[in-house]
Amino acid sequence: MTLDTRYNAKDIEARWYKEWESKGYFRPQSDHGKQPAGKPYVIVIPPPNVTGILHMGHALNSSIQDILIRWNRMKGADTLWVPGVDHAGIATQNVVEKKLAKEKKTRWDLGREAFLKEVWKWKNENGSTITRQLRRLGSSCDWTRERFTMDEGLSKAVREAFVTLYERGLIYRGNYIINWCPRCQTALSDEEAAHKDMQGGLYHIKYPCLPEGRQSIDVKGPYEKMGEDHIVVATTRPETMLGDTAVAVHPNDSRYKHLIGKKVILPLLNREILVIADDFVDPEFGTGIVKVTPAHDPNDFAMGHRHKLEQINVMTPDGKINENGGVYKGMDRFEARKKILKDLEEQGLFVRRDSHLHAVGHCYRCDTVVEPYLSKQWFVKMQPLAEKALKAHEQGDTAFYPDRWTKVYLNWLRGIRDWCISRQIWWGHQIPAWHCMKCSADYGEPHGAAAPRNTANEVQDAVHRTPYAGIIVARETPKECPKCKGKDLVQDPDVLDTWFSSWLWPFSTLGWPTKTEDLKKFYPTSDLVTAPEIIFFWVARMIMAGLEFMGEVPFTKINIHGTVRAASGLKMSKSLGNSIDPLEVIEEMGADALRYSLVMLSAQDVYLSREKFEVGRNFANKVWNACRFVLIQIEGLETASTDVRQFEKMELSLPSRWILSRFEEKTAEIERHLAQFGLAQAATELYHLVWDDFCDWYIELAKPMILSEDRALRLQTQKVLFFVCERMLRLLHPFMPFITEEIWQTFKQKSADAKAWPETIMFAGWPHEEKKKFRDAEAQKAIGLLQDAVGGIRDLRVRFQIAPTDKLTAVIVCKEQETLVTVRTFEREVKVLGRLAELQCVREFQKKGAMAANSFAAFDVFISLEGILDPEEEKKRLEKKIQETEQWIETIRKKVANPSFAEKAPKDILEKEKEKLADAKKLLVSYQTQLTSF
RNA sequence: GCGCGGUUAGUUCAGUUGGUUAGAACGCUUCCUUGACAUGGAAGAGGUCACAGGUUCGAAUCCUGUAUCGCGCACCA
C-alpha cells in the first residue's frame with residue numbers, strides 16, 4: 001500500500017469531506033453516546049450573510065475555528081461547532097428588489113406577502129452558497145444543527161428577547177434623528193452608517209437681518225455689514241437650510257451678543273427665524289454663527305430641544321425635497337443643493353465655498369450617503385446592558401486575544417448609545433408590537449413620510465411614554481386591545497435590525513428560549529473567533545444579550561484575528577475588484593494549501609497576493625512526498641506501530657533519539673501556542689519541524705541507516721520513521737485535514753495494530769508529551785555537532801566549486817577527547833551526507849599541502865584542495881575571520897569583565913557568556929593555526 | 001480632535017517575561033535532475049531593528065518625545 005506519485009488535492013478533498021459528514025464525525029461525540037473527556041468545546045460560527053459568497057476573510061476565520069475544533073476534538077473533548085447564516089435583512093431585500101427591477105417591478109407592486117414569498121424562494125435557491133463553500137474548506141461544523149436567523153426557533157427567540165426587553169423597560173419608541181438611507185429607505189443603526197472622510201464644501205451663506213422696527217420680511221440688500229444688516233452662517237449641507245428654525249451663537253460671543261433674541265430672514269423661503277444663544281456653538285469655528293436645523297442634524301435636534309424650536313422636515317424618505325421646501329419640492333437632495341447655491345448667488349447671498357474635509361456617513365449596504373433624518377423608530381436602551389458587560393469584564397469573565405482589543409471594546413461600551421432597531425424594510429422579523437387603531441392616534445402615518453411639524457414637546461412625550469397608549473407588545477399575536485377591547489389591531493410594519501437576531505446567536509442556536517439539552521450542555525460556549533470590524537456589531541452585543549437573557553457571558557475567550565487585505569493594503573472586497581477568490585485557490589492548490597498559507601500569515605493583518613498560497617501548496621507537497629518516502633522505506637516492515645512502548649528496550653540510534661526528542665519538544669511548544677490562539681506561530685513551528693528536522697535531516701540520516709547491513713538498526717529506523725511520521729500527521733491534521741487523513745489511512749493499513757486505530761485521524765488523539773520520555777539533550781547536542789560537520793564540508797564544497805560527484809577526503813580535528821568520541825558515533829552519517837570517500841576523526845592533525853578548513857568551537861573540518869586552493873585568497877579570508885573573531889571576543893570580554901554585570905546578571909546568563917567567550921577563543925586559535933601553516 | 005497599531009534584509013513579516021554574533025518566507029546569486037519531493041536539494045549575499053533622548057551591567061524589546069504610515073471612534077456646523 002502506497003501513495004500516488006503525485007499529490008492530487010482535489011480528488012482527496014472531495015472524497016474525505018463527504019465521508020466525514022456522512023459518518024457523523026462532525027457531531028459532538030456525546031451524540032454518538034460516547035463519554036467525552038473534560039469540558040465540552042463549543043464554537044459558534046460568526047454567521048455569514050446569506051447573500052454572501054466565501055471571501056478570504058471567511059476563509060481565514062473558518063480555518064482558525066476549524067483548527068481549534070479539530071484540535072479539541074482530537075484531545076477528546078465533546079466538540080460542537082454550530083454553523084449557520086443570518087438573513088441579512090437589507091442586503092437580501094436589495095438583491096431580490098434588484099431582481100424584480102429587471103422585470104420593471106417594485107416590492108410595492110407585489111405587496112408584502114408576495115414579496116416575502118419571493119425572498120424565501122430566493123433564499124431556498126441561493127442561500128446555501130456560502131455553506132457549500134465552507135464545506136470545501138474542510139470546516140467540520142455540525143451541519144445537523146445548522147441554523148438560520150429567520151427559521152422558526154430563532155424567530156421565537158427574537159420575539160422573546162424583544163418582549164422581555166420591553167417588559168424590562170429597555171425598549172422605547174420615539175422621534176429622533178437617526179441615520180436614514182434614502183436608497184434603502186430605512187433607518188440604520190450608528191454602526192451601520194460607516195463614516196468616510198470626504199472632501200466636501202463648507203458653504204458660507206448670508207442671512208439678512210430684520211432691521212429694527214421693520215415688520216416686513218422683504219429685506220433688500222446690499223448686505224455689506226456683517227452683524228448689522230446680515231450675518232453669515234457656514235454649512236456643509238446647504239439644502240437643509242430649508243428646514244432652519246433658528247441660528248445660534250455662543251452666549252459669551254461679544255461679537256454677536258446684540259443679536260441674541262433678534263430675528264433674521266431665512267433666504268429663499270423668506271421665513272423669520274430667531275437668533276438663539278447656546279453653549280454648543282464654537283465661536284472659533286467659521287463665523288461663530290450656526291444655522292439650526294432640528295429635523296436634519298443631531299446637534300441641532302438637541303439644540304432645538306433645549307430651545308423648544310420647531311422641527312421642520314424638508315425631505316421625503318427617498319431623499320427628495322418635500323412640500324416644506326417651497327419651490328425646491330420634488331428635487332433630489334443633491335440637485336437641490338446645486339440649485340439653492342445658484343439661487344443664493346443670484347441674490348447676492350452666497351459668500352464663498354471653502355474646501356472642507358469631513359466624515360460623511362455611508363450606508364454599509366449600498367454605500368449611499370446617509371441622511372440624518374427625523375423619524376419615529378424603536379430603540380433599545382443600551383446603558384443598563386453595557387453596565388452588565390462592563391461588570392462581567394471586571395470579574396474576568398471576558399478576555400480578548402490579543403489583549404489590545406479589550407480597550408476598543410470597553411471604550412465602546414462606556415460611550416454606548418441607544419440602538420435603533422427598527423428597519424423600514426420587509427425582510428426580517430416583524431416587530432411584535434400591535435397598534436390599536438382606536439386607542440392609538442399616532443399610528444397611521446407612514447414611516448418617514450413628510451412628518452407634520454412635530455413640536456419638541458411631542459417628542460419628549462413620545463420618548464417617555466412607556467408603555468405607549470395603543471401599543472400592545474406581546475409574544476403571541478393579540479386578539480383584542482386589552483384597554484378598549486377593540487379588535488382593529490395592526491402589527492407594526494417595521495422589522496428588526498438583523499443584528500437583533502444575531503446577538504442572540506450563541507443561545508438561540510442551542511434552542512433558547514426552550515430549555516433544551518443542548519442549551520444546558522453547551523452554553524456558555526468556549527471561544528469566539530472573529531474579525532475586528534465585528535466587535536461592535538456583534539461581539540459586544542452578544543455579550544450583552546448573553547448576560548441579559550442567560551445571566552452568563554456567552555463565551556469567555558474572544559480571538560480577534562487580522563483583516564485580510566490585498567497586497568495594496570486595501571481591504572479585500574469584491575467591489576474594489578482586488579479580491580482573490582478562495583474557491584479559485586482551492587481549485588488550483590487545494591483547501592489544505594489555502595488553510596495553511598492563510599493561518600501561517602495571520603499573525604496580524606494578512607496581506608495577500610496569489611503567490612502567497614504557494615507556501616502552503618509546497619508544504620502540502622512536501623508532506624505528501626515525505627510520507628511517501630516513509631511508506632516506501634517500511635515496505636517490508638511487519639511490526640509498524642504507534643505504540644510508545646516499542647522503544648522501551650531498544651537501543652536507539654543517535655538520529656532516532658534526536659528526532660524523537662525534537663518532536664517531543666515541539667509538540668509541547670505547538671500546544672502552548674494553540675492554547676493562546678497563536679495559530680500562526682504553531683503553524684510556523686510545525687512547518688520547520690516537518691521540513692527542516694524531519695525531511696532535511698532525519699530522512700537524510702535515515703537513508704544510510706536503512707541501507708545498513710545491521711539488521712537491527714534497519715528495523716529500528718523503519719519503526720521510528722513510521723512512529724514519528726504518524727505523529728507528525730496528527731500534529732498537522734487540524735491545519736491540513738484532508739491530506740493528513742488520506743495519508744493516515746494508508747499508514748493505518750500498513751500498521752500491525754490497525755484494529756486498535758480509530759476510524760479516522762479526527763479521533764486519533766492529539767499527541768502529547770510522553771512524560772518527557774524522549775527528551776534527550778545528549779542526542780540534540782550530538783546532532784548539532786553532526787550538522788556543523790556536514791555543513792562545514794558542504795560549504796567548502798560549494799566555495800571551492802567541487803562537483804558533488806567528486807568524492808573527497810575530509811578530516812575532523814576535535815579539540816576535546818569527548819567530542820572525538822561523539823563524532824566517531826556518527827562518522828558514517830557524515831560520510832554519506834558530505835559525500836566523502838574517506839573521513840578521519842582525530843585529536844591531533846598536521847596539515848599537509850593545500851588544505852582548507854571550516855572551524856567550529858568543537859572541531860575543525862579539513863578537506864584537501866590540491867590544485868584548487870589559492871593560498872593568498874585563503875590567507876585573506878582567514879585574516880578577516882581573525883579580525884571578526886577578535887572583535888567579538890573583545891565585546892564579550894568587556895561584558896564579562898564589567899563588575900556590575902557579574903554582580904547583577906543572573907547566573908545562567910553569566911555562565912553562557914563565559915562559555916561563549918571560551919568558544920570564541922577556541923575559534924580564534926583555529927584560525928590562527930590555519931594561517932600560520934601557510 | 002481622541003484612541004489604537006505599525007515602522008526590523010530587496011519584499012512580506014516573526015522576534016515570548018530585556019540576555020548567544022537579530023530570524024523566517026518569498027525574491028536574488030552560485031552549484032546540483034543523487035531512487036520521497038525541481039511544488040526539490042546544497043551553499044551564499046543582504047539589516048548601524050524609523051529618528052532623538054532616557055532607564056539598565058545589558059535595549060529591536062521598557063519609558064519619553066519626534067517623524068511617518070495605517071486603522072478605529074467622534075455632533076465641530
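Numbered from 1 within each chain, the chains take letters A, B, ... in sequence-line order. Below, all heavy atoms of this structure are taken into account, side chains as well, without hydrogens, waters or symmetry copies.
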Whole-Å [atom1] distance, [N] and [M]:
{"N": "rA77(B)", "M": "rG5(B)", "atom1": "P", "value": "28 Å"}
{"N": "rC51(B)", "M": "rU7(B)", "atom1": "P", "value": "12 Å"}
{"N": "rU16(B)", "M": "rU20(B)", "atom1": "P", "value": "12 Å"}
{"N": "rC31(B)", "M": "rA45(B)", "atom1": "C1'", "value": "15 Å"}
{"N": "rG58(B)", "M": "rU21(B)", "atom1": "C1'", "value": "15 Å"}
{"N": "rC2(B)", "M": "rG19(B)", "atom1": "P", "value": "34 Å"}
{"N": "rA22(B)", "M": "rU61(B)", "atom1": "P", "value": "14 Å"}
{"N": "rG10(B)", "M": "rG27(B)", "atom1": "C1'", "value": "7 Å"}

Query raised in the report: Side chains of Thr245(A) and Gln311(A): donor-acceptor distance under 3.5 Å anywhere?
Result: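 No pair is found: no donor N or O on one side chain lies under 3.5 Å from an acceptor on the other.
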Please work out which of the three classes, parallel, tilted or perpendicular, describes the rings of [Y] and [X], given edges at 30° and 60°.
{"X": "Tyr409(A)", "Y": "Phe400(A)", "answer": "tilted"}
{"X": "Phe694(A)", "Y": "Tyr698(A)", "answer": "parallel"}
{"X": "Phe619(A)", "Y": "Trp691(A)", "answer": "parallel"}

Could you list all N or O pairs between the protein and nucleotides 2-7 of chain B that sit under 3.5 Å apart?
{"unit_1": "rC4(B)", "atom_1": "OP1", "unit_2": "Lys407(A)", "atom_2": "NZ", "d": "2.9"}

Query raised in the report: Is a donor-acceptor pair below 3.5 Å formed from side chain Arg6(A) to base rU39(B), judging by atom type as modelled?
Result: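 Answer is yes: a donor-acceptor pair is held.
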Query raised in the report: Taking only residues two or more places apart in sequence, or in another chain, which ones meet Glu239(A) in a side-chain hydrogen bond (donor to acceptor under 3.5 Å, both in side chains)?
Result: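 Checked Glu239(A) against side-chain hydrogen bond (donor to acceptor under 3.5 Å, both in side chains); matches are Arg337(A).
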Query raised in the report: OP1, OP2 of rA36(B) versus side-chain N and O of Lys703(A): anything below 4.0 Å?
Result: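 Yes.
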Requested in this report: Compare side-chain N and O positions of Gln801(A) against OP1 and OP2 of rU30(B) and report whether any pair is under 4.0 Å apart.
Outcome: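 For Gln801(A), the contact criterion (side-chain N or O under 4.0 Å from OP1 or OP2 of rU30(B)) is not met.
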**Report entry** Side-chain donor/acceptor of His362(A) to backbone N/O of Val360(A), under 3.5 Å
**Finding:**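 Confirmed, His362(A) side chain pairs with Val360(A) backbone.
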Query raised in the report: Are the side chain of Asp418(A) and the backbone of Met382(A) linked by a donor-acceptor contact shorter than 3.5 Å?
Result: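 Yes, Asp418(A) side chain to Met382(A) backbone: donor-acceptor pair under 3.5 Å.
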[X] [atom1] to [N] [atom2]: how many Å, rounded?
{"X": "Glu700(A)", "N": "rA36(B)", "atom1": "CD", "atom2": "P", "result": "8 Å"}
{"X": "Ile743(A)", "N": "rC37(B)", "atom1": "CD1", "atom2": "C1'", "result": "12 Å"}
{"X": "Trp691(A)", "N": "rG40(B)", "atom1": "CH2", "atom2": "C1'", "result": "8 Å"}
{"X": "Asp806(A)", "N": "rC32(B)", "atom1": "CG", "atom2": "C1'", "result": "13 Å"}
{"X": "Tyr364(A)", "N": "rC73(B)", "atom1": "OH", "atom2": "C1'", "result": "18 Å"}
{"X": "Leu413(A)", "N": "rC73(B)", "atom1": "CG", "atom2": "C1'", "result": "14 Å"}
{"X": "Leu598(A)", "N": "rC13(B)", "atom1": "CG", "atom2": "C1'", "result": "15 Å"}
{"X": "Ile739(A)", "N": "rA36(B)", "atom1": "CD1", "atom2": "C1'", "result": "13 Å"}

Report task. Find the runs of at least 3 consecutive base pairs, i with j, i+1 with j-1 and so on, that include RNA chain B, using Watson-Crick or G-U wobble geometry with both distances under 3.5 Å. Result ->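 RNA chain B stems, ordered by first number: B:1-7 with B:67-73, B:10-13 with B:23-26, B:28-32 with B:40-44, B:50-54 with B:62-66.
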Looking at every strand, decide which applies to [X] at a 4.0 Å heavy-atom threshold: base, sugar-phosphate, or nothing.
{"X": "Ile699(A)", "result": "base"}
{"X": "Asp300(A)", "result": "nothing"}
{"X": "Arg617(A)", "result": "base"}
{"X": "Gln633(A)", "result": "sugar-phosphate"}
{"X": "Cys627(A)", "result": "nothing"}

Hey, are [X] and [Y] close enough for a salt bridge, meaning a charged N less than 4.0 Å from a carboxylate O?
{"X": "Arg6(A)", "Y": "Asp4(A)", "result": "no"}
{"X": "Glu371(A)", "Y": "Arg237(A)", "result": "yes"}
{"X": "Lys703(A)", "Y": "Glu700(A)", "result": "yes"}
{"X": "Glu913(A)", "Y": "Lys916(A)", "result": "yes"}
{"X": "Arg352(A)", "Y": "Asp354(A)", "result": "yes"}

Query raised in the report: So among Ile276(A), Asp244(A), Ile273(A), which one has a side-chain contact (heavy atoms from CB on, under 4.5 Å) with Leu309(A)?
Result: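 The side-chain contact (heavy atoms from CB on, under 4.5 Å) with Leu309(A) is passed solely by Ile276(A) among Ile276(A), Asp244(A), Ile273(A).
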Listed pairs, N/O of protein and of nucleotides 23-28 of chain B, under 3.5 Å:
{"unit_1": "rA24(B)", "atom_1": "O2'", "unit_2": "His688(A)", "atom_2": "NE2", "d": "3.4"}

Dump the pairs, protein N or O against N or O of nucleotides 75-77 of chain B, anything under 3.5 Å, distances to one decimal.
{"unit_1": "rC75(B)", "atom_1": "OP1", "unit_2": "Arg417(A)", "atom_2": "NH1", "d": "3.0"}
{"unit_1": "rC75(B)", "atom_1": "O2'", "unit_2": "Asn299(A)", "atom_2": "ND2", "d": "2.7"}
{"unit_1": "rC75(B)", "atom_1": "N1", "unit_2": "Asn299(A)", "atom_2": "OD1", "d": "3.0"}
{"unit_1": "rC75(B)", "atom_1": "O2", "unit_2": "Asn299(A)", "atom_2": "OD1", "d": "2.9"}
{"unit_1": "rC75(B)", "atom_1": "O2", "unit_2": "Asn299(A)", "atom_2": "ND2", "d": "3.4"}
{"unit_1": "rC76(B)", "atom_1": "O2", "unit_2": "Asp282(A)", "atom_2": "OD2", "d": "3.2"}
{"unit_1": "rC76(B)", "atom_1": "N3", "unit_2": "Asp282(A)", "atom_2": "OD2", "d": "3.1"}
{"unit_1": "rA77(B)", "atom_1": "OP2", "unit_2": "His356(A)", "atom_2": "NE2", "d": "3.2"}
{"unit_1": "rA77(B)", "atom_1": "O2'", "unit_2": "Ala234(A)", "atom_2": "O", "d": "2.9"}
{"unit_1": "rA77(B)", "atom_1": "N6", "unit_2": "Asp282(A)", "atom_2": "O", "d": "2.6"}
{"unit_1": "rA77(B)", "atom_1": "N6", "unit_2": "Phe285(A)", "atom_2": "O", "d": "2.8"}
{"unit_1": "rA77(B)", "atom_1": "N1", "unit_2": "Asp282(A)", "atom_2": "N", "d": "3.2"}

What nitrogen or oxygen pairs link the protein and nucleotides 16-20 of chain B at under 3.5 Å?
{"unit_1": "rU20(B)", "atom_1": "O3'", "unit_2": "Lys916(A)", "atom_2": "NZ", "d": "2.7"}

**Report entry** salt bridge (Lys or Arg N to Asp or Glu O under 4.0 Å) evaluation trace for Glu669(A) with Lys666(A)
**Finding:** CA-CA 5 Å; Glu669(A) 211 164 299; Lys666(A) 288 292 169 186; 3.5 Å; yes
Query - Given rA36(B), rU39(B), rU21(B), the nucleotide with the shortest approach to the side chain of Leu923(A) - result: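 Selected nucleotide: rU21(B).
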**Report entry** Nearest-neighbour nucleotide for the Ile892(A) side chain, rU21(B), rG44(B), rA74(B) considered
**Finding:**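 Closest of the options to the side chain of Ile892(A): rU21(B).
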Report task. Please lay out, stage by stage, how Asp693(A) and His688(A) fare under the test side chain to side chain donor-acceptor pair (under 3.5 Å). Result -> CA-CA 7 Å; Asp693(A) 292 339; His688(A) 291 291; over 6 Å; no
Query raised in the report: Which atoms form the tightest heavy-atom contact between Pro238(A) and Thr235(A), and what is the distance?
Result: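 So the minimum-distance heavy-atom pair works out to CA-CG2, 3.8 Å.
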Report task. Kindly confirm or rule out a cation-pi arrangement of Arg541(A) over Trp419(A), judged by NZ or CZ under 6.0 Å from the six-membered ring centre and within 45° of its axis? Result ->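 Flagged: Arg541(A) positioned over aromatic ring of Trp419(A).
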Requested in this report: I would like to know whether Glu890(A) and Arg893(A) meet side-chain contact (heavy atoms from CB on, under 4.5 Å); could you show each step before the answer?
Outcome: CA-CA 5 Å; Glu890(A) 199 43 44; Arg893(A) 186 176 280 157; 3.9 Å; yes
